[in-house]
Every structure is written in structure tokens, then in C-alpha cells.
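Keep in mind that what you see is a predicted model, and the values were worked out from it rather than measured.
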2 protein chains.
Amino acid sequence: MLTDEYRYKILKLVQEKPEISQRELAKVLGISLGKTNFCLKALVDVGLLKVSNFRNSQNKLAYMYLLTPKGIEEKTGITMRFLKYKMQEYENLQAEIEELRRAAGESGDKEVE
Amino acid sequence: MLTDEYRYKILKLVQEKPEISQRELAKVLGISLGKTNFCLKALVDVGLLKVSNFRNSQNKLAYMYLLTPKGIEEKTGITMRFLKYKMQEYENLQAEIEELRRAAGESGDKEVE
DNA sequence: ATCATGCGTTCAGATAATGAACGCAGTTTA
DNA sequence: TAAACTGCGTTCATTATCTGAACGCATGAT
């Protein structure tokens with residue numbers, strides 16, 4: 001399943017390091033190789049990424065994932081959408097933390113740690 | 001699967017409305033009835049929730065989910081842990097938004113919306 | 001030539017999530 | 001009172017999703 005979370009994360013990582021391998025991507029993302037492969041293909045299918053070959057001196061032939069113009073353009077929107085969603089979660093939690101503090105009779109200005 | 005996300009959300013919802021039904025909980029959480037049932041049981045199993053019956057005037061006999069003393073105590077920790085995790089995500093995204101703004105040559109003080 | 005390495009790809013098996021269907025217990029209707 | 005109805009928690013076959021070992025291939029090393 002390709003969610004906004006992985007759309008965002010993969011586009012970001014690929015943009016930073018186009019020669020990244022699927023295995024490395026999987027490791028960074030904390031997901032399996034199979035899922036990584038699936039998500040990359042999905043991003044290629046919808047035209048956000050494209051694949052090209054490149055010669056790697058030390059390593060063998062490898063792929064390179066590049067953001068298409070569409071990918072570059074949509075990445076911003078995807079990121080914004082994802083941020084908005086996360087911001088909402090974050091604010092809800094902040095409110096909950098405040099409630100907990102009030103319930104515990106604390107001063108309310110302590111740091112979460 | 002019972003994750004911190006659902007530990008937190010369920011404990012919160014149950015605390016606010018102990019007489020909530022599994023179906024209503026499922027709807028609010030955006031998950032299936034089966035998963036809701038599974039998560040509630042898991043929370044009972046680990047001693048964070050307990051079940052008791054109550055008489056509901058209009059409706060039939062129903063259950064009531066109550067936080068145990070352990071549940072009340074651990075809810076704070078679970079919430080804090082979940083917040084910390086979300087805060088990290090949120091901060092990473094904020095940084096990414098900044099990068100996007102810089103790349104787009106914007107002024108950097110626009111609101112996300 | 002042979003081996004070793006690392007790549008993307010595949011897919012059988014494991015894991016997780018779904019929601020229709022069930023039995024039960026109150027409430028309403030006939 | 002009996003029968004139909006409602007909404008509850010529970011179950012579990014089905015479906016969706018994820019995993020990672022194994023494969024073929026291309027390169028570099030021996």
C-alpha cells in the first residue's frame with residue numbers, strides 16, 4: 001500500500017540520493033525490501049519517479065531513481081498534505097497533554113521528556 | 001495489533017465515555033469492529049482496562065469499560081511516549097517545509113494551508 | 001573461467017484487518 | 001405471553017498487506 005507517508009518519505013530520500021538502492025531505502029524507511037520495491041514501482045507508474053541506469057565505479061550497474069517534473073511539483077503538495085495531517089495529530093496530543101497536566105495538578109510549563 | 005496509537009486513543013475515548021460501544025469506538029477510531037474488539041481485549045489482558053456491566057435505561061444491558069488504576073497511571077506515559085514520537089515527525093516535516101520554501105525562493109513566513 | 005558481490009525482482013508464507021453472521025438479552029409490538 | 005425487533009460483544013472465513021529468502025543477472029575480483 002502506498003500512502004502519503006511513503007510517497008513523501010521516498011520522494012524525499014530519492015531526491016537527496018538518487019543512486020540509493022532499494023535495500024538501503026528499505027532500511028532507512030524501516031520497511032521490507034518487497035514493500036519498498038512495490039512503492040517505488042507505484043511511484044513510477046503514476047509518473048512521479050522515473051528510472052535510469054548509471055555506471056557505478058566501485059559497484060556494478062545500478063539504477064537511479066529520479067523525480068520527474070511532475071514528481072518535483074507534486075512532492076510539495078504531498079508534503080504539505082502530510083504535514084497538515086501530522087499537525088492536527090500533534091495539536092490533538094498537545095491538548096491531551098495539557099489536560100493530563102491539569103488533572104495531575106502540575107504547573108503546566110514543564111517540558112515533555 | 002495493539003500499538004501505542006490505539007492504546008492512547010482507546011484509553012482516552014474510554015475515559016471520556018466509559019459506556020461507549022465497540023461499534024461506536026470502531027467508527028471513531030476509523031478501524032473495524034473486529035480490530036476494536038481485539039484491542040479492547042488486549043488492554044483488559046494487560047490490566048489497563050476492566051469491564052463491568054451497567055443497566056442502560058433505553059438500551060439493553062451493556063458493558064462499560066473502565067480504566068484500572070494501572071490504566072490511569074500508564075495512560076500518561078503512553079500519551080507522552082506517543083507525543084514524543086509525533087513531535088519528532090512533526091519537527092522533521094517542519095524542517096522539510098522550510099527546505100521546500102527555500103528551494104522555491106519564497107519569503108519563508110507564509111502559513112501552511 | 002570461476003567465484004563473489006550487490007542489484008532488482010518475485011512470490012509463498014506469515015501477519016493483520018475486515019465485516020457478515022451468530023447467540024444473547026432486553027424492549028417493543030401484537 | 002409470545003413473537004418480532006434491536007443493539008450488544010464475539011467469532012472467524014476471507015481479504016489485504018507485509019515479509020524476506022531465493023533467483024537471475026551484471027559486474028569486479030581471483
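As rounded to whole Å, 12 Å separates atom P of C/dG8 from atom CD of A/E19. What separates CZ of A/F38 from P of D/dT17 is a distance of 8 Å, to the nearest Å. Atom CG in B/N53 sits roughly 16 Å away from atom P in C/dC24 (whole-Å rounding). Here D/dC8 presents its P atom at 10 Å from CD1 of B/I20, a figure rounded to the nearest Å. Here the P atom of nucleotide C/dA17 and the CG atom of B/L25 are 15 Å apart, to the nearest Å. The distance between atom NZ of A/K27 and atom P of C/dG8, rounded to the nearest whole Å, is 15 Å. In this entry the distance linking CE of A/M64 with C1' of C/dC7 reads 16 Å, nearest Å. Distance, A/Y63 OH to D/dA26 C1': 11 Å, rounded to whole Å.
Among the nucleotides D/dG9, C/dA16, D/dT19, the one closest to the side chain of B/N37 is D/dG9. Counting only heavy atoms from C-beta on, A/K35 has its side chain closest to D/dT19 among D/dT19, C/dA21, C/dT18. In the set D/dG20, D/dT19, C/dA17, the nucleotide with an atom closest to the side chain of A/L33 is D/dG20. Comparing D/dT10, C/dC7, D/dC18 by their nearest atom to the side chain of A/S21 picks out C/dC7.
For the OP1/OP2 pair of D/dT11 and a distance below 4.0 Å, the side-chain nitrogens and oxygens of B/K41 include at least one atom meeting the criterion. Phosphate contact (OP1/OP2 of D/dG9, side-chain N/O of B/Y65, threshold under 4.0 Å): present. Between A/Q22 and the phosphate of C/dC7, there is no side-chain N or O to OP1/OP2 separation shorter than 4.0 Å.
Scanning atom types as modelled, one donor and one acceptor separated by under 3.5 angstrom connect the side chain of B/R23 and the base of D/dG9.
Residues A/Q94 and A/I97 form no side-chain contact, since every pair of their non-hydrogen atoms from C-beta on lies 4.5 Å or further apart.
We find that B/E96 and A/K9 are not joined by a salt bridge, their nearest charged nitrogen and carboxylate oxygen being 4.0 Å or further apart. Electrostatic pairing of B/K86 and B/E89 counts as a salt bridge here, judged by a charged N lying under 4.0 Å from a carboxylate O. Salt-bridge annotation for A/E74 and A/R7: absent, with no side-chain N of the basic residue lying under 4.0 Å from a carboxylate O of the acidic one.
Not one N or O on the side chain of B/T36 forms a donor-acceptor pair closer than 3.5 Å with the backbone of B/L25.
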